[in-house]
Peer 1: 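For reference, the structure I am asking about is given below.
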2 protein chains.
Amino acid sequence: MISRVLSAELAEHAGQRVKVAGWVHRRRLLKSVSFLIVRDRTGLTQAVCSGELPVEESVVEVTGTVTLSPQAPGGVELTSPELAVLAEPAKAPPFDLYRPTVPAALPTILDHAPVALRHPALRAPFEIAAASVAGFRSALDGLGFTEIHTPKIVASATESGADVFGIDYFGRPAYLAQSPQFYKQAMVGVFERVYEVGPVFRAEPHDTARHLAQYTSLDAELGFVRDHRDVMSVLRETLAGMTEEVRRRAAPALTTLGLTPPEVPEEIPSIHFTEAQEMTGEDELDLSPAQERWLSEWARREHGSEFLFVTGYPMAKRPFYTSPDPGRPGHSNGFDLLFRGLELVTGGQRLHRYEDYLAVLGERTEPYEGYLSAFAHGMPPHGGFAIGLERWTSRLTGAANVRSATLFPRDLHRLAP
Amino acid sequence: MISRVLSAELAEHAGQRVKVAGWVHRRRLLKSVSFLIVRDRTGLTQAVCSGELPVEESVVEVTGTVTLSPQAPGGVELTSPELAVLAEPAKAPPFDLYRPTVPAALPTILDHAPVALRHPALRAPFEIAAASVAGFRSALDGLGFTEIHTPKIVASATESGADVFGIDYFGRPAYLAQSPQFYKQAMVGVFERVYEVGPVFRAEPHDTARHLAQYTSLDAELGFVRDHRDVMSVLRETLAGMTEEVRRRAAPALTTLGLTPPEVPEEIPSIHFTEAQEMTGEDELDLSPAQERWLSEWARREHGSEFLFVTGYPMAKRPFYTSPDPGRPGHSNGFDLLFRGLELVTGGQRLHRYEDYLAVLGERTEPYEGYLSAFAHGMPPHGGFAIGLERWTSRLTGAANVRSATLFPRDLHRLAP
């Protein structure tokens with residue numbers, strides 16, 4: 001039996017008889033000859049056939065002789081083919097998957113995701129996402145982090161209170177976790193340095209191009225930091241690991257989309273919130289989307305960097321567990337990372353002393369009992385960050401909508417497929 | 001400023017002045033001298049002190065001279081120490097974390113997880129789990145798989161119907177996904193080979209030592225298989241990758257627990273369901289726990305293997321998407337993998353033709369619409385498997401209860417911490 005060869009490996013087998021398997025990407029019927037283009041996970045193979053050919057998206061095995069052909073994809077094609085059809089499609093795709101440019105709008109793509117994502121240009125972002133996550137993990141593994149898995153069902157909607165999904169948990173009310181924040185902090189007490197890649201849930205009532213009801217959060221948290229600057233330094237290493245792995249693992253996807261991943265500078269430029277406000281001439285407690293775009297453009301122009309840290313956000317706009325900046329009253333050791341005009345990462349140093357938590361929570365300690373117990377038993381200065389995977393991928397690929405970087409998005413309107 | 005050195009690296013710095021940071025694991029106060037044992041993520045460091053010492057679980061930095069001392073852990077200790085306390089515990093731990101054997105029962109450990117898991121013997125299973133997941137991924141990455149992230153909120157409780165958690169999804173009913181089964185199958189049409197590591201949810205009404213309401217499922221699915229045997233072969237590679245990575249990354253945890261990971265044989269022995277029934281003298285549609293234990297013991301005795309495949313389970317006991325065995329009516333191309341007396345993995349070949357799905361589902365196609373669309377557009381023969389991470393880790397560590405391999409278990413009674 002001849003074993004299968006992948007499209008990308010075909011040229012290594014010139015002159016040999018091999019088997020290629022995949023989907024019929026396209027048929028081209030000429031007068032005296034016909035071409036069958038087969039798509040597998042590594043690319044396309046052309047087979048020179050004659051007569052009737054199976055329709056597009058048929059699943060086929062083609063056994064043939066690998067023959068040099070400068071015009072064929074990859075410089076080789078299969079001649080004298082024998083064809084076996086493994087499965088025939090019962091329906092035609094919602095649009096032609098072989099056209100270089102996707103001839104469909106986002107709702108059509110999302111409605112038909114299982115078939116639409118077969119289009120190489122629509123599949124590519126997910127190959128970039130997979131490589132990014134691999135880079136996130138390898139960077140943190142190299143820095144002594146331990147991967148953890150924490151509960152997605154929680155007893156109280158503690159972190160923000162709003163935008164939370166309720167569950168019937170054996171007849172009791174419970175909620176879907178909005179982040180692994182409390183658990184990753186508690187686990188700093190056990191492992192010192194932890195990360196988690198997992199789903200988080202936001203009952204986001206706004207229908208925008210950048211919000212999802214479920215997204216994949218890349219979370220990290222580390223102990224024994226001096227302050228937020230040590231966290232930013234680990235984040236810089238992590239981003240460098242992510243882009244490196246994208247280059248290494250997702251080269252074909254980058255080619256398909258015509259992309260080059262960003263350079264992560266040795267030192268990502270950083271600006272304090274108050275300076276950012278002065279430069280942009282506004283005076284609010286947060287940065288507007290327009291300010292974020294302006295600052296990103298400024299960092300690119302002045303520092304040649306597509307990344308920019310904004311540090312020292314006002315305490316009033318950061319969650320209760322944020323550590324204040326001891327040198328600047330009202331400001332925090334919390335930061336955001338802007339990437340290509342958009343906030344990509346939120347992070348910072350956290351409070352670590354039990355008495356500080358009691359002070360900020362006041363009377364409201366009861367729903368935080370399990371969380372607080374970690375601090376009652378001695379916790380080091382620590383901090384961390386969270387990267388939204390789909391947001392990262394959509395920025396990297398230049399997608400206008402985060403849903404183009406989500407296999408099966410969930411939002412206000414969409415619960416299927 | 002002296003930068004931090006980890007306990008495990010201390011011996012490399014003999015004669016130097018270094019800083020160690022961690023938790024006070026134990027104080028030992030003798031007449032003329034006192035010892036402070038500091039615990040960090042890599043082990044213990046002894047410092048020779050005098051006078052009052054901070055209580056256990058205080059977070060400290062100790063700067064001292066690395067001095068050879070055969071009696072100390074790692075053969076070195078810190079002398080002439082300067083001590084800085086970063087945080088003091090407000091409460092005493094529920095039990096002494098420095099005792100070699102854990103002096104507490106499981107409910108106490110689970111109730112106090114943020115501090116209890118600091119005990120090296122209780123932390124070790126999670127280091128083994130993290131290494132196992134890394135091995136799962138690296139094995140599959142090496143075989144051309146793509147990592148995916150699929151929705152955990154679904155529109156209908158389709159796979160089994162029972163044991164599902166209901167959610168209020170923007171006023172509409174929805175459910176927590178019991179597995180990524182349908183999504184991973186659909187994504188075979190896009191990536192050919194996919195895996196996902198993520199939470200799955202079972203509203204499991206039984207309070208047993210092996211069931212959880214949320215667990216971490218290691219899922220894989222691959223296309224262009226001959227039949228279930230190709231899936232079993234990939235599973236064998238995956239298990240070998242997992243044990244290899246446990247040996248490589250979790251050596252200290254293995255030492256702490258006194259464990260050796262199992263050998264994964266080049267070929268895992270396999271037995272057909274009907275033979276298994278004949279050997280154990282029973283005649284049901286499934287294997288009982290007692291039969292599973294007997295068969296595992298038999299595989300160890302006869303084949304020197306801690307793993308055993310049971311193939312050809314009756315169609316009546318497998319899910320509707322299971323491919324039948326064309327050679328044995330009533331039997332499937334589904335398998336289980338037994339490991340140390342327990343079912344660890346379920347897998348098999350799936351149906352891949354649209355018409356086969358229409359035939360098995362009959363009138364019930366409506367809730368499966370999104371799922372079926374993948375098959376309507378041409379799908380190759382495929383199959384896959386799912387490994388329960390916590391079950392794997394608890395078998396590997398010899399834990400009597402799967403909760404010992406779960407950071408924060410969720411079950412019928414437990415929703416916190």
Side-chain angles (χ1 to χ4, degrees), chain A residues 4 21 23 40-41 57-59 86-91 93 114-115 117-118 123 127 130 133 144 146-153 155 165-170 174 183 186 189-192 198-199 214 216 224 352-354 370 373-374 376-381 407-408 410 412 415-417, chain B residues 4 21 23 41 57-59 86-91 93 112 114-115 117-118 123 127 130 133 144 146-153 155 165-170 174 183 186 189-192 198-199 214 216 224 352-354 370 373-374 376-381 407-408 410 412 415-417:
Chain A
R4 183 186 180 198
W23 287 260
D40 68 19
R41 69 178 188 268
E57 296 312 303
S58 298
V59 182
L86 302 182
E88 284 174 281
K91 296 177 186 172
V115 58
L117 299 181
R118 296 179 187 182
R123 184 183 64 205
E127 288 162 1
V133 180
T146 301
E147 182 176 12
I148 58 172
H149 304 280
T150 67
K152 303 308 160 201
I153 304 176
F165 289 112
I167 310 175
D168 173 8
Y169 190 76
F170 300 114
Y183 292 105
V190 175
F191 303 103
E192 288 185 29
Q214 175 191 324
T216 305
F224 297 100
H352 67 281
R353 289 194 191 84
Y354 186 57
S373 80
H377 294 288
M379 283 284 278
L407 288 178
F408 298 96
R410 292 292 179 261
L412 190 54
L415 185 54
Chain B
R4 181 187 180 197
W23 288 261
R41 68 179 189 267
E57 296 312 303
S58 298
V59 182
L86 302 182
E88 284 175 281
K91 296 177 185 172
H112 300 275
V115 57
L117 298 181
R118 296 179 186 181
R123 185 183 63 205
E127 288 162 359
V133 179
T146 300
E147 182 175 11
I148 58 171
H149 305 280
T150 67
K152 304 308 160 201
I153 303 176
F165 289 111
I167 309 175
D168 173 7
Y169 190 77
F170 300 114
Y183 293 105
V190 176
F191 303 103
E192 289 186 29
Q214 175 190 326
T216 304
F224 298 100
H352 67 280
R353 290 195 189 83
Y354 186 57
S373 80
H377 294 288
M379 281 285 278
L407 287 177
F408 298 96
R410 292 293 178 261
L412 190 54
L415 186 53

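What's counted below: heavy atoms across the whole structure, side chains too, no hydrogens, waters or symmetry copies. Per chain, numbering begins at 1; letters A, B, ... match sequence-line order.
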Peer 1: Could you have a look at T146(A), I148(A), D168(A), L412(A) and say which one has the most heavy-atom pairs with chain B under 4.5 angstrom?
Peer 2: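 The option with the most such pairs is L412(A).
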
Peer 1: Measuring heavy-atom distances to chain A, does R410(B) have an atom under 4.5 Å in its side chain, in its backbone, in both, or in neither?
Peer 2: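 Both parts, heavy atoms under 4.5 Å.
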
Peer 1: Find the one option among A130(B), P93(B), P114(B), A376(B) whose heavy-atom pairs under 4.5 Å with chain A are most numerous.
Peer 2: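 Ranked by heavy-atom pairs under 4.5 Å with chain A, first place is A376(B).
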
Peer 1: Could you tell me which portion of T216(A) (side chain, backbone, both or neither) has an atom closer than 4.5 angstrom to a non-hydrogen atom of chain B?
Peer 2: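 Contact with chain B is through the side chain of T216(A) alone.
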
Peer 1: Among E57(A), E88(A), Q214(A), which has the most heavy-atom pairs under 4.5 Å with chain B?
Peer 2: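 The candidate making the most pairs under 4.5 Å is Q214(A).
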
Peer 1: Name all residues meeting the salt bridge (charged side-chain N to carboxylate O under 4.0 Å, His left out) criterion together with E192(A); count only those two or more places apart in sequence or in a different chain, and write none if there are none.
Peer 2: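 For E192(A), the residues satisfying salt bridge (charged side-chain N to carboxylate O under 4.0 Å, His left out) (neighbours in sequence not counted) are R4(B), R41(B).
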
Peer 1: P151(A) versus chain B, heavy atoms under 4.5 Å apart: side chain, backbone, both or neither?
Peer 2: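 P151(A) touches chain B through backbone and side-chain heavy atoms alike.
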
Peer 1: With side-chain contact (heavy atoms from CB on, under 4.5 Å) as the test, would you mind laying out the steps for F165(A) and I153(B) before giving the verdict?
Peer 2: CA-CA 10 Å; F165(A) 289 112; I153(B) 303 176; 4.2 Å; yes

Peer 1: Is the shortest heavy-atom distance from the side chain of V133(A) to the side chain of H149(B) under 4.5 Å?
Peer 2: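 In short, these two side chains touch, coming nearer than 4.5 Å.
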
Peer 1: Taking it one step at a time, do E127(B) and F191(A) satisfy side-chain contact (heavy atoms from CB on, under 4.5 Å)?
Peer 2: CA-CA 9 Å; E127(B) 288 162 359; F191(A) 303 103; 4.2 Å; yes

Peer 1: What pair of heavy atoms forms the shortest contact from M379(A) to H352(A), and how long is it?
Peer 2: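 In this case the closest contact between M379(A) and H352(A) is O-CD2, 3.3 Å.
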
Peer 1: If we define contacts as heavy-atom pairs under 4.5 Å, which of A87(A), A174(A), G166(A), P381(A) has the most with chain B?
Peer 2: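 Most heavy-atom pairs under 4.5 Å with chain B: G166(A).
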
Peer 1: Apply the test side-chain contact (heavy atoms from CB on, under 4.5 Å) to residues W23(B) and H377(A): give CA-CA distance (whole Å), side-chain angles for both, the deciding distance (0.1 Å), then the verdict.
Peer 2: CA-CA 10 Å; W23(B) 288 261; H377(A) 294 288; over 6 Å; no

Peer 1: What part of V59(A) gets within 4.5 angstrom of chain B, counting heavy atoms only: side chain, backbone, both, or neither?
Peer 2: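 For V59(A), the side chain is the part near chain B, not the backbone.
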
Peer 1: CZ/F224(A) to CG/L86(B) distance, rounded to the nearest 0.5 angstrom?
Peer 2: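 Here the interatomic distance stands at 6.5 Å.
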
Peer 1: Over all heavy atoms of both residues, which pair between Y354(B) and A90(A) is shortest? Give the atoms and the distance, please.
Peer 2: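 So the two residues come closest at CD2-CB, 3.2 Å.
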
Peer 1: Which bit of Y169(A) comes within less than 4.5 Å of chain B, counting heavy atoms only: side chain, backbone, both or neither?
Peer 2: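 Contact with chain B: backbone and side chain both.
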
Peer 1: Measure distances from P199(A) to the heavy atoms of chain B and classify the residue's part below 4.5 Å as side chain, backbone, both or neither.
Peer 2: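 For P199(A), side-chain heavy atoms alone lie under 4.5 Å from chain B.
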
Peer 1: Output the option from G144(B), G189(B), A155(B) having the highest count of non-hydrogen pairs under 4.5 Å with chain A.
Peer 2: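 With the most close heavy-atom pairs to chain A, the winner is G189(B).
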
Peer 1: If you count heavy-atom pairs within less than 4.5 Å of chain B, which of A416(A), P380(A), P417(A) leads?
Peer 2: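 Greatest number of close heavy-atom pairs with chain B: P380(A).
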
Peer 1: Output the option from G378(A), G198(A), A21(A) having the highest count of non-hydrogen pairs under 4.5 Å with chain B.
Peer 2: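 The candidate making the most pairs under 4.5 Å is G378(A).
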
